[in-house]
Amino acid sequence: MPIFAAAIIGGLHFANTVPKILNAEIIAMAKLTSRDQDYSKWYNELVVDADLAQHSDVKGCMVIKPYGFAIWERMKEVLDAKFKETGHVNAYFPLLIPKSYLSREAAHVEGFAKECAVVTHYRLKNDPDGAGVVVDPDAKLEEELIIRPTSETIIWKTYKNWIQSYRDLPLLVNQWANVVRWEMRTRLFLRTTEFLWQEGHTAHATKDEAVAEAEQMLRVYAEFAEGTLAMPVIQGVKTASERFAGALNTYCIEALMQDGKALQAGTSHFLGQNFARAFDVTFATKDGGKEHVWATSWGVSTRLMGALIMTHSDDLGLVLPPELAPIQAVIVPIHKGGEGEAVVMERCNALCDELRAAGIRVKLDDDDTRRSGWKFAQYELQGVPVRLAIGPRDAAGGTVELARRDTREKSLVPFEGIAAHITALLSEIQSQLLSASRQRLTDNITEVDTWDEFTAALDRGGFVSAHWDGTDETEEWIKQKTKATIRCIPFDGPGTPSPVAPGACVKTGAPSERRVLFARAY
RNA sequence: CGGGGCGUGGCCCAGUCCGGUUAAGGCGCCUGUUUUGGGAACAGGAGACCGCAGGUUCGAAUCCUGCCGCCCCGACCA
């Protein structure tokens with residue numbers, strides 16, 4: 001059957017959904033493993049096939065390819081603006097940290113020591129036995145350096161000199177950086193040995209101010225996740241056992257992936273005075289006293305790329321929310337060369353100019369070494385939200401074929417007024433992606449009161465809202481038994497998935513003040 | 001760190017058990033022709049220290065020893 005199935009109905013040009021059989025044909029051509037078949041395999045193939053990233057030759061490390069990096073750059077752009085709006089400035093601290101710094105804060109070293117890469121020498125020399133180079137034993141460092149797994153220590157060591165007085169506070173600094181954590185097991189974007197992130201490190205005169213900062217940045221993350229990634233999140237706090245090493249309280253946003261597993265998408269920590277004490281950072285108060293400063297740190301990483309992929313994408317590939325898409329609309333010319341080409345290209349160029357003028361990130365793919373069918377498939381795999389095709393028929397009839405990536409609907413739209421149409425469509429796609437994923441999230445929060453219900457719900461996937469007696473022992477026991485962890489204790493308030501109301505622990509039956517959210521997680 | 005798998009042109013891989021001409025096939029790449037409204041067809045062409053180092057043998061991708069690396073599944077973690 002002809003693949004081109006859209007038609008102009010009754011002189012009107014709109015909304016003509018493609019017959020289902022067409023979608024079936026397209027899906028049959030998909031080269032990805034389906035999500036049903038093997039979700040994990042689907043994910044890995046998508047990352048590579050959509051040209052987002054690839055494995056490097058070093059275990060656990062990845063090359064982020066230009067298209068993947070463009071998406072990350074969009075994330076950075078939006079987040080960075082939000083940080084600036086909330087009064088933060090960027091700076092940069094070194095990659096290498098003296099080993100001794102790490103041990104200043106007891107809980108911190110406990111948390112990170114096991115995954116630190118260590119620099120021991122500063123020189124190589126030619127291998128006397130043959131080819132290549134060897135470490136020069138004469139070039140051993142007096143004090144070994146670690147490659148930062150996070151920067152609290154070097155930053156607090158520095159802050160000691162920056163902060164003297166209450167006038168120096170608050171200190172609101174962020175850095176965009178790479179960090180290394182030598183994880184046993186890695187997955188592209190979700191957990192790589194080296195990853196890119198931002199880490200905010202702030203210093204405050206009072207506890208309340210620091211807590212407010214940590215909470216504010218969590219809200220910034222949540223707004224970003226929902227507004228830009230179209231990924232709904234649950235905001236809450238971590239239990240003591242899940243806290244950041246060295247924090248007094250860890251706030252988090254938790255998202256739900258399509259396979260029912262939870263993903264920690266961002267964290268914001270209230271560090272109390274732990275690092276100020278460890279690095280002796282004090283300030284003179286207004287009334288002449290001397291106090292340790294209060295701290296926060298907060299971060300999101302390239303892991304968000306994984307979250308994005310597993311929130312919206314389908315068996316044909318990536319689905320990008322328009323806010324984030326490096327290319328929001330792609331124009332594919334269709335012609336047979338010769339005279340027809342000039343006519344089609346003229347329309348395409350006009351379309352491209354018009355969309356660009358309307359502030360749409362548009363690409364005209366005039367590469368004549370690829371056929372249109374190949375391009376259609378490629379842009380679907382890469383998640384471009386809107387695809388526009390213009391062929392001789394469109395050039396003659398004043399129409400454009402428009403295909404939505406999210407619903408895979410095709411329609412013919414008039415050339416006239418198309419920029420406004422697409423602008424509106426992009427924002428509709430953005431909000432539909434959010435509402436669809438929000439629906440999936442709410443549909444997959446199960447409230448349970450018995451152990452049997454609890455385990456059954458966990459096996460179905462999603463978040464399980466249950467009472468917990470508040471002890472580390474019970475939390476650990478449940479983790480061992482079910483592989484589920486307490487993802488967070490959600491904030492109370494309207495729409496909370498687990499309201500504050502007394503009950504009995506799902507495991508021990510001991511009294512519980514409120515429900516918490518359990519899930520199996522990435 | 002345990003369990004499993006794998007290393008052969010840019011990519012996917014056959015061949016390895018049972019050693020024997022020129023290392024097969026597909027994708028991709030290059031050239032040409034015809035094509036172009038859903039991943040084009042045909043013809044020709046280029047491209048390989050068979051992971052590395054030893055060993056056995058007349059002869060090794062194949063057998064032996066050692067080493068290295070990666071991926072997947074667990075434990076650990078953002």
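In the text below, chain A, chain B and the rest are named by the order of the sequence lines, each starting its count at 1.
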Would you tell me if any nitrogen or oxygen in the side chain of A:Asn44 comes within less than 4.0 Å of OP1 or OP2 on B:C71?
no

Which value, in whole Å, describes the distance between the [atom1] atoms of nucleotides [N] and [M]?
{"N": "B:C70", "M": "B:C64", "atom1": "P", "answer": "25 Å"}
{"N": "B:G15", "M": "B:C6", "atom1": "C1'", "answer": "16 Å"}
{"N": "B:U62", "M": "B:C42", "atom1": "C1'", "answer": "37 Å"}
{"N": "B:G19", "M": "B:U56", "atom1": "C1'", "answer": "11 Å"}
{"N": "B:A75", "M": "B:A61", "atom1": "P", "answer": "42 Å"}
{"N": "B:A46", "M": "B:U31", "atom1": "P", "answer": "15 Å"}
{"N": "B:C12", "M": "B:A53", "atom1": "P", "answer": "22 Å"}
{"N": "B:C58", "M": "B:C13", "atom1": "C1'", "answer": "32 Å"}

Do [Y] and [X] meet the salt-bridge criterion of a basic N to acidic O distance under 4.0 Å?
{"X": "A:Lys238", "Y": "A:Glu254", "result": "yes"}
{"X": "A:Asp365", "Y": "A:Arg370", "result": "no"}
{"X": "A:Asp259", "Y": "A:Arg520", "result": "no"}

For a quick check of understanding: with a heavy-atom distance under 4.0 Å over all strands, which category does [X] fall into, base, sugar-phosphate or nothing?
{"X": "A:Ser301", "answer": "base"}
{"X": "A:Arg387", "answer": "base"}
{"X": "A:Phe195", "answer": "base"}
{"X": "A:Gly60", "answer": "sugar-phosphate"}
{"X": "A:Gln264", "answer": "sugar-phosphate"}
{"X": "A:Thr186", "answer": "sugar-phosphate"}
{"X": "A:Lys483", "answer": "sugar-phosphate"}
{"X": "A:Leu190", "answer": "base"}
{"X": "A:Ser40", "answer": "sugar-phosphate"}

Plane angle bin for A:His88 and A:Phe83 - parallel if under 30°, tilted between 30 and 60°, otherwise perpendicular
perpendicular

Ring-plane angle category for A:Trp197 and A:Phe195, please: parallel below 30°, perpendicular beyond 60°, tilted otherwise.
perpendicular

Atom [atom1] of [X] and atom [atom2] of [N]: how far apart are they, to the nearest Å?
{"X": "A:Gln382", "N": "B:G39", "atom1": "CD", "atom2": "P", "answer": "18 Å"}
{"X": "A:Glu183", "N": "B:C1", "atom1": "CD", "atom2": "P", "answer": "15 Å"}
{"X": "A:Tyr522", "N": "B:G74", "atom1": "OH", "atom2": "C1'", "answer": "15 Å"}
{"X": "A:Leu196", "N": "B:A78", "atom1": "CG", "atom2": "C1'", "answer": "13 Å"}
{"X": "A:His55", "N": "B:G7", "atom1": "NE2", "atom2": "C1'", "answer": "15 Å"}
{"X": "A:Phe376", "N": "B:G37", "atom1": "CZ", "atom2": "P", "answer": "8 Å"}

Answer with yes or no whether A:Arg408 presents, from its side chain, a donor or acceptor under 3.5 Å of a partner atom in the base of B:G38.
no

Does A:Lys336 make a side-chain donor-acceptor contact with the base of B:G37, cut-off 3.5 Å?
no

Does atom CD of A:Glu416 have more than 12 heavy-atom neighbours from other groups under 6.0 Å away?
no

Of all the choices, [options], which nucleotide is nearest to the side chain of [X] once you look at every atom?
{"X": "A:Trp374", "options": "B:G37, B:G39, B:A78", "value": "B:G39"}
{"X": "A:Lys410", "options": "B:A78, B:G37, B:G38", "value": "B:G38"}
{"X": "A:Ala377", "options": "B:G39, B:G37, B:A78", "value": "B:G39"}
{"X": "A:Arg371", "options": "B:G38, B:A40, B:C72", "value": "B:A40"}

For A:Cys116 and A:Leu102 the tightest heavy-atom approach is SG-CD2, 3.8 Å

